[in-house]
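Everything on this sheet refers to the single structure shown next.
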Amino acid sequence: MNKPQAEETITAAFNLLLEKLRSNEELEVNAIIDDLHHLAKSLQLDDSKPINLYSPSLENEYKALAEESLESYAQTKASVERINKEQKRVLESSIKQDAINIDQVMHSFSSIHDQIESQMREANDTIKALHQQISILEKSSNLDPLTRTYNRGALDSFIGALCDVKDKIPDSRILLVDIDDFKYVNDTYGHLAGDRVLIFLAKLISSSLRDGDKVFRFGGEEFLILLNRSNDSACESVANRILEGVRSNTLLYKEHQIKITLSIGSSKFMKGDTFESFIDRADKALYEAKNNGKDQFVIG
């Protein structure tokens with residue numbers, strides 16, 4: 001594992017642990033120690049992937065949903081079996097009688113079928129609600145816990161799918177956004193202030209995008225924006241809108257007024273692009289913006 005990969009993994013682990021501490025008042029020390037051991041083992045592996053300290057919790061939530069779904073099915077199955085037995089009893093009782101009361105039998109069958117319909121409707125409602133909860137869980141597992149933007153795992157999936165397109169080349173572009181001198185913010189105002197800056201920027205970027213465009217937490221202070229059906233002019237317009245939004249806003253943290261600027265580089269998706277080549281061009285444009293004085297946008 002090289003230094004940038006190690007920094008990225010440690011940063012991700014720090015943010016996840018911090019979020020876990022904030023959201024769980026009764027978190028045991030042993031749980032934190034286990035997470036740190038997990039991180040240490042990951043750092044020893046050359047091919048380690050971004051760490052996910054929340055996976056056990058997510059797995060438990062999926063298990064709970066599965067158990068609830070099975071319980072709902074079992075209850076419905078038992079109810080239908082009970083209703084079928086009642087239907088059989090009505091039939092047998094009617095057959096034993098010399099004169100069958102058709103009205104009584106039809107009334108009983110109608111009542112039985114109403115019960116079956118009610119049971120099935122309740123089961124369908126339960127299963128529908130479970131599907132919605134699973135959808136929410138899947139979405140949350142693809143989000144960065146601090147900024148609530150998409151994480152690197154989601155980025156791999158989205159751009160991987162883009163690179164797999166063989167026919168018509170999608171008219172897609174990315175913007176790679178980096179906070180200028182972010183280390184100064186952390187060193188001067190503290191890491192909690194740095195977190196507030198990241199949350200502020202994530203919200204500002206999200207509000208500047210169209211439906212269908214997506215923003216990802218790409219690194220410590222970097223965000224990647226995936227623009228769909230976008231030409232160079234629209235891409236530049238989005239970048240300038242974000243730059244102006246940051247320039248015209250001041251973040252208030254405790255008694256401090258924090259001003260930041262951004263450097264942004266872009267890249268257009270081209271035939272034959274891989275994940276690395278697509279992002280590499282935006283990364284080079286980003287560093288050109290840095291070298292030209294920061295607080296600007298460069299088209300890759």
Side-chain angles (χ1 to χ4, degrees), residues 1-24 34-63 65-66 131-165 170 172-179 195 198-199 201-203 205-206 209 211-228 267 269 273-280 282-283 286:
M1 177 182 289
N2 57 35
K3 184 178 178 182
Q5 290 174 323
E7 289 177 348
E8 180 185 339
T9 302
I10 292 171
T11 300
F14 169 81
N15 289 329
L16 288 169
L17 281 172
L18 190 62
E19 184 71 16
K20 187 181 288 188
L21 285 167
R22 288 171 177 164
S23 61
N24 191 339
D34 289 341
D35 285 338
L36 292 174
H37 279 304
H38 181 40
L39 171 61
K41 290 179 181 178
S42 297
L43 290 172
Q44 291 173 356
L45 300 176
D46 291 336
D47 60 348
S48 63
K49 297 178 181 179
I51 195 167
N52 184 0
L53 302 179
Y54 282 150
S55 56
S57 172
L58 187 64
E59 182 181 352
N60 289 336
E61 291 186 70
Y62 270 113
K63 286 180 179 177
L65 286 174
H131 278 303
Q132 291 175 343
Q133 291 180 53
I134 289 172
S135 177
I136 293 171
L137 278 174
E138 288 176 339
K139 184 176 181 181
S140 65
S141 70
N142 286 325
L143 294 182
D144 173 64
L146 177 65
T147 62
R148 310 309 294 171
T149 58
Y150 286 107
N151 59 23
R152 281 295 299 268
L155 176 64
D156 291 345
S157 299
F158 277 106
I159 294 190
L162 195 64
C163 294
D164 287 340
V165 175
S172 300
R173 285 162 173 76
I174 56 174
L175 294 171
L176 198 55
V177 181
D178 184 82
I179 302 174
D195 286 349
L198 292 171
I199 294 169
L201 180 57
K203 290 180 178 178
I205 291 175
S206 297
L209 303 180
D211 290 341
D213 296 334
K214 294 176 176 59
V215 55
F216 304 82
R217 175 93 180 271
F218 187 62
E221 69 272 18
E222 284 188 326
F223 291 88
L224 186 147
I225 303 166
L226 178 60
L227 302 173
N228 294 306
S267 174
F269 185 76
D273 259 338
T274 63
F275 181 95
E276 290 78 13
S277 62
F278 188 22
I279 294 178
D280 184 61
D283 193 48
L286 169 65

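Computation of the quantities below employed the complete heavy-atom set of this structure, encompassing side-chain atoms and omitting hydrogens, waters and symmetry-equivalent molecules.
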Check Thr274 against Cys163 and note the closest heavy-atom contact, atom names and distance.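 Closest heavy-atom pair between Thr274 and Cys163: C-SG, 3.6 Å.
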Shortest non-hydrogen contact from Leu209 to Leu227? CD2-CD2, 4.2 Å
Distance from [X] atom [atom1] to [Y] atom [atom2], nearest 0.5 Å?
| X | Y | atom1 | atom2 | result |
| --- | --- | --- | --- | --- |
| Ile205 | Ile225 | CD1 | CD1 | 4.5 Å |
| Asp144 | Asn151 | CG | CG | 7.0 Å |
| Leu226 | Lys214 | CG | NZ | 7.0 Å |
| Phe278 | Leu176 | CZ | CG | 10.5 Å |
| Asp283 | Glu276 | CG | CD | 12.0 Å |
| Phe223 | Leu201 | CZ | CG | 5.0 Å |

Do the rings of Phe216 and Tyr150 sit parallel, tilted or perpendicular, given the 30° and 60° boundaries? tilted
Closer than 3.5 angstrom, by distance alone: can the side chain of [X] be matched with the main-chain N or O of [Y] as a donor-acceptor pair?
| X | Y | value |
| --- | --- | --- |
| Asn228 | Gly212 | yes |
| Ser267 | Ile174 | no |
| Arg217 | Gly219 | yes |

Under a 4.5 Å cut-off applied to non-hydrogen side-chain atoms, are [X] and [Y] in contact?
| X | Y | result |
| --- | --- | --- |
| Leu155 | Phe275 | yes |
| Leu198 | Ile179 | yes |
| Ile159 | Ile279 | yes |

Taking it one step at a time, do Arg152 and Phe218 satisfy side chain to side chain contact (heavy atoms under 4.5 Å, CB included)? CA-CA 6 Å; Arg152 281 295 299 268; Phe218 187 62; 3.7 Å; yes
Tell me, please, which residues at least two apart from Asp280 pass salt bridge (charged side-chain N to carboxylate O under 4.0 Å, His left out). Lys284
